[in-house]
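Chain letters run A, B, ... following the sequence lines, proteins first, then strands; residues in each count from 1. Any value given below was found using the heavy atoms of this structure, including those in side chains, with hydrogens, waters and symmetry copies removed.
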Amino acid sequence: GESVGLHLPTLSVQEGDNSIINCAYSNSASDYFIWYKQESGKGPQFIIDIRSNMDKRQGQRVTVLLNKTVKHLSLQIAATQPGDSAVYFCAERSNNNDMRFGAGTRLTVKP
Amino acid sequence: GAVVSQHPSRVICKSGTSVKIECRSLDFQATTMFWYRQFPKQSLMLMATSNEGSKATYEQGVEKDKFLINHASLTLSTLTVTSAHPEDSSFYICSAALAGAGELFFGEGSRLTVL
């Protein structure tokens, strides 16, 4: 069936470096995507979203890029900080208007 | 921002008992709420879509008689795990969407441990 997946399950970066987390999706009909951050024992926290009519959106220290041609989504975090350590999920809104999550990437920031 | 509250945050029960988890949208009305399940080190798996005033829509493989969902008002949805067994131990998370907006707001999750 349709699915959302991630290329890398873990990512380790040095504090201050930029982080890039990738996500591949397969449902070409998806029209809305969100990146979530989840810390241990907590619910997902919204980071940034993007609609399918856009290819880039910037927030505070974060940028989401959408490439519909290859069905690829990425999250860029600038000047990564220890507080950014968490699991990051991409999610897509499907035809039924529900959100489905990818496998997740654990980001570890080394001091 | 919109707040979704879940209760209880942690629950431990004996095998065979039923457990109810509440999901409330505190400052907005949610015609639709979603229930997810998350096993350790895994992603969130959509269990069902809860619609106010009507029956929930369950994902394939999710037993509707096992996981009873009630969405009695625009601010409350409940998930009842009936006759719980150790394999039902998991992190259950609800979410709700603002009408007209795509973003989902998530509760803090409820960790169920079945002994």
In terms of hydrophobic clusters joined by side-chain contacts under 4.5 Å, are [X] and [Y] together?
| X | Y | result |
| --- | --- | --- |
| A:Met54 | A:Leu65 | no |
| B:Tyr92 | B:Val11 | yes |
| B:Leu79 | B:Leu26 | no |
| B:Ile93 | B:Ile69 | no |
| A:Val13 | A:Ile47 | yes |

Please confirm whether B:Phe106 and A:Phe101 have ring centers closer than 6.0 angstrom.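 Ring centres of A:Phe101 and B:Phe106 closer than 6.0 Å.
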Within a reach of under 6.0 Å around NE2 of B:His85, are more than 12 heavy atoms found that belong to other residues, nucleotides or ligands? yes
To the nearest 0.5 Å, how far apart are CZ in A:Phe46 and CG in B:Leu104?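 So the CZ of A:Phe46 and the CG of B:Leu104 are separated by 10.0 Å.
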Gap between atom CZ of B:Phe91 and atom NZ of A:Lys42 - 0.5 Å precision: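 That separation rounds to 10.5 Å.
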So what's closer than 4.5 Å to chain B heavy atoms on A:Gln45: side chain, backbone, both or neither?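 For A:Gln45, neither part sits under 4.5 Å from chain B.
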Does anything in residues 55-62 of chain A get under 4.5 Å of chain B by heavy atoms, and if so which residues? none
Within [range], which residues come under 4.5 Å of chain A, heavy atom to heavy atom?
| range | result |
| --- | --- |
| residues 37-48 of chain B | B:Gln38, B:Gln42, B:Ser43, B:Leu44, B:Leu46 |
| residues 108-115 of chain B | B:Glu108, B:Arg111 |
| residues 60-68 of chain B | none |

I want to check something: taking the side chain as every heavy atom from C-beta on, are B:Tyr36 and A:Met99 in contact at a cut-off of under 4.5 Å? yes
